[in-house]
Structures are given as C-alpha cells and as structure tokens.
Amino acid sequence: MQLSRLLIATLREDPADAEIPSHRLLARAGYIVKTAAGIYTYSPLMWRTLKKVAQIVRDELDRESAQELMMPILQPRELWESSGRWERYVADGIMYTLKDRKGTDLCLGPTHEEVITAFADATITSYKQLPVNLYQIQDKFRDEIRPRFGLMRGREFIMMDAYSFDADAAGLDESYAAMSRAYHRIFERCGLEFGAVQADAGAIGGSGSEEFMVFADAGEDAILRCSASGYAANVERADSIAPAAPSGGDPRPIEKHETPDIRTVEQLEGFFSMPAAAMAKTVLYEVKYAESEAVVAVMMRGDLAINEVKLANRLDCLALELASDDKIRQATGAEVGFAGPVGLPEEVRLLADETLRGATNLLTGCNETGYHCLNVNFGRDCREPEFHDVRLARAGESAPGGAGELEEVRGIEVGHIFKLGTKYSSAMDATFSSQQGKPEPFVMGCYGIGVSRTAQAAVEQNHDEAGIIWPPAIAPFEVVVAVLDPKKDEQTALGQQIYDRLRESGIDACLDDRKLRPGPKFKDLELLGFPFQVTVGRGAADGVVEFCERRNREKQEMSVDEAIAKCREALTAPAVS
RNA sequence: CGGGGCGUGGCUCAGCCUGGUAGAGCGCUGCGUUCGGGACGCAGAGGUCGGAGGUUCAAAUCCUCUCGCCCCGACCA
C-alpha cells in the first residue's frame with residue numbers, strides 16, 4: 001500500500017474531548033473519528049488493526065476447536081422474555097429497544113446468550129454432539145450511562161462472544177480451561193501486559209468467572225494482587241485477611257451514653273477514646289428485588305468498609321443503594337449517624353460482616369438520636385444478625401492464605417470468562433438427550449473479548465510523547481518504507497524496491513511516498529506508530545538507508561540488504577506456546 | 001438520572017461580562033523560494049456563531065426552551 005493513496009487524516013493538535021493518552025492519540029492520528037458519543041468510525045488504518053486483533057482471536061479460538069458463526073443483531077423481545085432478562089435489561093436501561101412497523105418489540109443485541117441458547121436447542125439434540133463451542137465477532141450495542149475514553153466504553157463496539165455447551169460440569173470445566181488458555185495466548189500475541197483476575201459474575205450470572213485485565217493507570221477497574229501468592233482479583237470480588245481487632249473480653253453490662261452530635265466513627269474514636277476496630281457501624285441500604293423493596297441494615301467493624309457488590313450478591317437483589325436520610329429516619333426512628341442493632345425494628349433485616357462474628361462489648365448506635373451504646377453483645381442486647389462476608393478488601397491487607405500483602409493496580413477489562421452452568425438453558429428449556437435418553441439442560445459457559453477495546457488498550461500501554469507504538473502483531477502495517485523526497489527518482493526507485501522485497505518476505509509493509517517535507521513526515525509517522533521504519537533519503541544513491549525501531553527511535557545507517565534482514569529478524573515472532 | 005462545564009470556518013480557541021464591522025493560530029487551494037525533524041513569502045477559499053422562540057432600532061453577546069457534546073458518581077467487553 002502506498003500511503004499517498006491511503007486516507008490518512010492526522011491532526012496537529014489534540015482533540016478537545018480526549019482525556020486519556022490512548023484516546024487522544026487514536027483521535028489525533030485519525031484512527032478513529034467520532035460519529036456520536038460512544039460511536040466511532042474506524043479509519044482504514046484502524047480497520048486493519050481491528051482485523052488483525054480479530055484474526056488473532058480467531059486463530060487461537062480455532063486452535064481450541066471453537067467454531068465461528070454469526071448471529072443477528074436484531075433480536076425479538078419474546079426471545080429475551082424466555083430467559084427473563086427483557087424486563088431487567090429494559091429497567092436497567094442498558095439495552096436499545098425498538099418497535100417494527102407492526103409494533104413488535106425488538107432490541108439491538110447487547111449480548112447473545114438467548115440467541116445462542118435457542119440455536120443450540122434447535123441444532124444440538126444428543127450428548128454425542130457435545131461439547132460445542134461457538135463464537136462470533138460482531139458489533140454489540142449498549143446504551144451506556146456514560147460512554148467515555150473513545151473505544152474504551154462505547155455504545156457500539158466490536159466484541160467476540162463465545163458460548164460453550166457441555167453435558168456436565170466436568171465438561172464445562174474443560175471448556176472453560178480451554179478458553180482461558182486461548183485468552184492467554186491471544187493477549188500475549190497482542191503484545192499486552194495483562195493478567196487474569198478473579199471477578200464478580202455480575203448481571204450475566206453463574207459461578208466461576210475471571211477477567212483478563214490489561215494493566216494501565218487509566219483503567220476503570222481496581223485490582224488487588226499479591227506477588228507473593230499470585231492472588232489477583234477485581235476489588236469487587238477480592239477477599240483478604242482483615243487486620244486483627246482487639247479482643248472485646250467477657251460480656252459486660254450494656255451502657256447507654258449521651259453522644260450529642262457524635263455521628264461518625266472518627267468522632268466516636270475521639271469521644272470514647274476507643275479504636276474503630278472495637279466499634280460496629282450500622283449502614284442502611286435500600287434494596288430492590290424483582291417484586292419488592294426493602295431496607296436492610298448492615299453492620300461492619302468500624303475500621304473496615306462494605307463491599308456493595310458482595311452485599312448485593314448475598315442479598316440476591318437486583319440493585320441496592322445507600323438509604324436516603326428520610327428512609328433512615330423512617331426505618332430507625334433516629335437521625336442519620338445513630339443507627340445500630342439495639343432496638344432495630346423487626347422488619348429491618350440485619351446483616352453483619354464475618355469480622356464481627358463472636359465480637360463482644362461493641363460500641364454501636366442504638367437508633368436514638370444523640371445516644372450510642374457501649375458493651376453491646378449479639379443475642380443479648382439485640383438480635384443475632386445474619387453473618388456474611390460483605391467486606392471490601394483493601395491494599396495493604398494480607399492476601400487470602402496470608403502469603404503476602406495486597407497491592408492495588410488499575411486495569412482495563414479486555415476479556416471475561418464465565419461458567420454459566422444451566423442458568424439460561426434451564427430458563428429457556430434448552431436440552432439435549434443424555435446417554436440415558438433423558439432431556440438434560442446444557443451446561444454452558446460464556447466468554448467475551450472486547451476487540452475494539454483491546455486495540456485501544458494496546459495503545460494505552462504502548463505509546464510515548466511522540467505517538468503510538470503499535471505492537472507488531474496488531475500494527476496496521478509492520479514496516480513503513482519512508483521515501484523522504486519522492487521527487488528524487490533514485491529514492492523512489494530504491495524505496496519501491498525495498499517495499500517489494502519486504503512484501504515478498506511476507507512482511508506487511510507500506511510505502512510512504514507522500515509529498516511531505518522530511519520534518520512533517522517523520523512526525524506524522526511517529527504519531528501513526530508503525531513499529532519499524534526504513535528511511536530512504538540522501539544515502540539512496542549509495543544504497544544506504546536507515547533502519548529505525550519506533551519503540552526506541554534509534555536510527556542506524558546500513559545497506560538495503562541489512563535493513564531488510566533487520567526487518568525480517570524483528571518480525572520473526574517467537575512462537576507462542 | 002443527579003451535579004458541573006462547553007457548543008463561534010476542517011482542528012484548537014479568542015470575542016460574550018459591558019449588544020452595534022465575526023477574529024487568531026494550525027490546516028486547506030494556487031504560485032514562488034525552501035527541502036533530514038511539524039519552513040517562508042505572496043495571493044485565496046472557507047463561518048445561517050448548535051437549533052427555535054423572545055427582548056431590542058440592533059443579538060455570537062441578554063432571556064426562555066430545545067438538541068448535542070465533555071467532565072464527576074451508579075453499569076460493563
């Protein structure tokens with residue numbers, strides 16, 4: 001490809017709406033052009049990169065015997081009602097819905113569990129056909145609350161979604177392991193520094209789940225990891241060993257104290273000269289279920305925090321949020337800051353974190369404005385709460401197992417693998433005949449990779465002040481042969497010759513024959529970020545060119561043969577195991 | 001949806017407070033000089049100031065509504 005024939009529209013200045021480096025660079029280099037918020041047109045160069053990412057995904061999935069197919073974007077409401085997700089997705093507002101001319105409701109697919117489960121039900125009839133793993137690479141649509149950071153969180157984005165069907169849990173474990181292997185190879189080949197971390201299964205549901213995270217400061221997710229033990233988890237999911245609390249000792253008689261305007265843990269520490277770890281705060285949540293709403297009180301040790309994702313999972317609710325001041329007054333009969341287990345109305349469900357199990361002589365609120373209680377003991381002064389782990393793990397705490405300390409890093413979620421089990425197949429009555437001739441629901445897994453997000457994550461991890469530094473495997477071109485002065489015949493001829501020889505070697509090269517002065521040409525190519533450059537300039541008459549690696553921008557003069565050899569050497573990627 | 005901010009040539013922005021001739025830099029076109037790190041000269045093209053309504057002799061500027069976009073919090077590949 002001659003760059004003079006390729007539509008390249010780089011910008012001299014950063015677009016005003018780009019915040020993080022990868023978004024800024026992709027927009028400035030003209031790789032992406034915004035069509036609407038969270039909706040982008042991919043330029044010809046960007047499309048080359050996206051196709052390369054997609055092809056790596058295909059290669060590695062196919063190696064694990066997955067099969068590519070294509071499902072519809074437009075999906076009928078009745079299909080989504082068969083899994084029970086229509087109402088929830090519409091209520092959450094994340095799904096685009098529309099009506100056809102007859103008034104029939106449809107949606108633009110945000111994901112394809114329903115379609116694939118119906119397809120599997122229609123086509124897989126016997127256990128002899130299992131396992132099956134099906135995937136597609138397609139645009140997905142989500143009415144994101146806040147699209148941002150370019151391709152990182154778009155309303156329309158390219159995603160690979162795969163679905164495995166097995167006869168039993170052991171089969172699912174194998175399918176899941178195969179996908180995990182494939183994912184590791186995919187992100188390795190894309191040149192990313194990444195890790196698999198334990199994850200919350202979220203709205204999709206199911207048991208086991210891991211996220212593949214590209215480590216980057218701009219990442220939207222917080223990860224806790226421990227290098228000593230190898231433990232890594234999304235903070236939503238992470239566990240840790242809580243710091244020890246002082247022993248409360250044998251139960252002493254409860255004491256009620258006047259605490260005017262003392263509402264927070266910090267204030268209580270000062271007022272009673274007690275450590276936060278000897279207190280229990282009581283936080284009220286408004287919890288939404290499919291058919292009802294409730295106020296739930298959650299007790300947590302004073303020095304620790306509540307993990308709302310864990311809490312929502314324990315409560316098995318649709319959504320929860322901190323109760324409003326009005327709700328708190330209504331539920332406890334006291335002002336905000338004085339809620340506690342003592343005298344809590346029976347209709348308010350009471351949970352407590354595991355760290356409070358067996359605790360004695362706690363300092364708590366007692367649902368009376370201006371008062372707190374000392375020496376509160378469960379079962380004696382108040383109900384015995386339901387104990388659950390609802391604690392937020394934090395950096396600095398010990399990792400599960402106690403091998404080392406947790407540190408926090410940021411990550412971009414580029415992939416997610418789930419063990420779904422029979423959640424969808426049971427709901428939709430999608431079955432196969434078992435060896436005993438009985439209908440059994442498929443045991444399913446589902447797996448996603450954000451293809452467009454992965455491409456941007458690669459830029460987030462690979463750039464410098466001058467521009468993008470594409471990992472070779474996903475660069476729009478691996479090598480650019482830059483002819484500095486296309487008006488000089490010997491430069492043009494030599495450039496063309498090098499370009500041809502690189503192409504013959506199977507290298508994805510392009511020829512920059514654009515009539516640009518050298519300064520702008522160098523700047524432009526650095527911004528665009530091709531990993532290797534062969535510069536044909538004043539040495540052309542003597543057969544001398546320059547080889548330059550974008551990553552370090554070091555230039556070396558050498559002969560044409562040497563330059564070509566350098567390119568070949570650099571691009572003979574070590575085989576991925 | 002809540003809170004904050006912004007819509008002025010292709011891009012980045014000034015002008016708005018205090019109403020009266022629509023501006024700059026970059027980019028683009030032509031000619032000339034230049035030519036290894038975002039050159040220079042000359043000549044040009046390009047804007048219903050997001051949209052609608054209102055106030056006024058007069059609105060980019062003041063008021064109302066509306067649409068779009070960005071940022072901060074709850075969703076997710």
Side-chain angles (χ1 to χ4, degrees), chain A residues 9-20 23 27-28 30 33-39 53 57 88-89 91-95 110-112 137-162 183 199-204 211-214 220-221 234 236 288 308-309 312 318-322 411-418 446-457 466-467 482-488 491 515-527 535-540 545-546 548 553 555 557:
Chain A
T10 51
L11 265 24
R12 190 79 171 261
E13 284 170 281
D14 285 331
D17 60 4
E19 287 259 307
I20 62 173
H23 181 198
R28 187 154 91 84
V33 175
K34 186 166 68 187
T35 300
I39 302 174
V53 175
V57 171
R88 176 163 185 182
Y89 271 60
D92 287 353
I94 63 172
M95 187 161 69
T111 176
H112 282 70
I137 296 173
Q138 194 199 49
D139 275 13
K140 289 282 185 295
F141 298 84
R142 287 185 196 165
D143 189 358
E144 287 289 344
I145 293 160
R146 189 144 90 84
R148 59 175 154 181
F149 298 155
L151 307 183
M152 286 293 188
R153 178 169 303 279
R155 296 193 290 170
E156 175 173 349
F157 56 97
I158 305 172
M159 180 169 154
M160 184 291 297
D161 49 321
Y183 273 40
D200 178 65
I204 294 174
E211 287 164 337
F212 286 74
M213 292 286 190
V214 169
E220 292 185 272
D221 289 282
N234 192 308
E236 293 175 344
K288 285 194 181 64
E308 294 185 356
V309 173
L318 292 180
L320 59 76
E321 60 180 350
L322 282 174
I412 300 164
E413 183 189 355
V414 289
H416 202 155
I417 58 179
F418 295 88
C446 81
Y447 316 88
I449 288 179
V451 172
S452 40
R453 180 185 282 183
T454 298
Q456 182 167 340
V483 177
L484 281 195
D485 188 354
K487 287 195 288 287
K488 292 212 168 71
Q491 289 191 24
K515 292 178 175 55
L516 274 179
R517 298 177 63 256
K521 179 166 285 194
F522 284 128
K523 292 284 186 206
D524 210 44
L525 290 175
E526 277 168 345
L527 176 60
T535 307
V536 180
R538 58 194 164 205
V545 296
E546 262 169 25
C548 178
R553 285 197 274 175
K555 293 174 174 179
E557 289 206 334

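Labels below follow one simple rule: chain letters A, B, ... track the order of the sequence lines, proteins then strands, and each chain is numbered from 1. These values consider heavy atoms only, across backbone and side chains, with no hydrogens, waters or symmetry-generated copies.
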request  = Test for a donor-acceptor pair under 3.5 Å between the base of C76(B) and the side chain of Arg153(A), counting only N and O atoms.
outcome  = yes
ask   = Could a donor-acceptor pair under 3.5 angstrom be found where the side chain of Lys34(A) meets the base of G68(B)?
value = no
[X] (side chain) donor-acceptor with [Y] (main chain) under 3.5 angstrom:
| X | Y | result |
| --- | --- | --- |
| Gln491(A) | Asp485(A) | yes |
| Gln456(A) | Phe149(A) | yes |
| Arg155(A) | Asp143(A) | no |
| Ser452(A) | Ile158(A) | yes |

Mind checking [X] for me? I need base, sugar-phosphate or nothing, with any heavy atom below 4.0 Å counting as a touch.
| X | value |
| --- | --- |
| Arg553(A) | nothing |
| Asp161(A) | nothing |
| Glu321(A) | nothing |
| Asp17(A) | sugar-phosphate |
| Glu308(A) | nothing |
| Lys488(A) | nothing |

Given the [atom1] atoms of [N] and [M], what is the spacing between them in whole Å?
| N | M | atom1 | answer |
| --- | --- | --- | --- |
| U56(B) | G47(B) | C1' | 25 Å |
| C65(B) | C1(B) | P | 16 Å |
| G15(B) | G7(B) | C1' | 15 Å |
| C71(B) | U12(B) | P | 14 Å |
| G36(B) | A24(B) | P | 32 Å |

remark   = Between Arg155(A) and Ile94(A), the residue closer to the 5' end of RNA chain B by nearest nucleotide is Arg155(A)
task = For Arg28(A) and for Thr35(A), locate the closest nucleotide of RNA chain B by heavy-atom distance; then report the residue assigned to the nucleotide nearer the 5' terminus.
result = Arg28(A)
Is there a Watson-Crick or G-U wobble partner for [N] with both distances under 3.5 Å, and if so, which one is it?
| N | answer |
| --- | --- |
| C13(B) | G23(B) |
| A74(B) | none |
| C65(B) | G51(B) |

Looking at [X], I'd like to know whether one of its side-chain N or O atoms comes within less than 4.0 Å of OP1 or OP2 on [N].
| X | N | result |
| --- | --- | --- |
| Arg148(A) | C71(B) | no |
| Arg517(A) | A39(B) | yes |
| Arg538(A) | C35(B) | no |

ask   = Of the nucleotides G37(B), A77(B), C11(B), which one has an atom closest to the side chain of Phe522(A)?
value = G37(B)
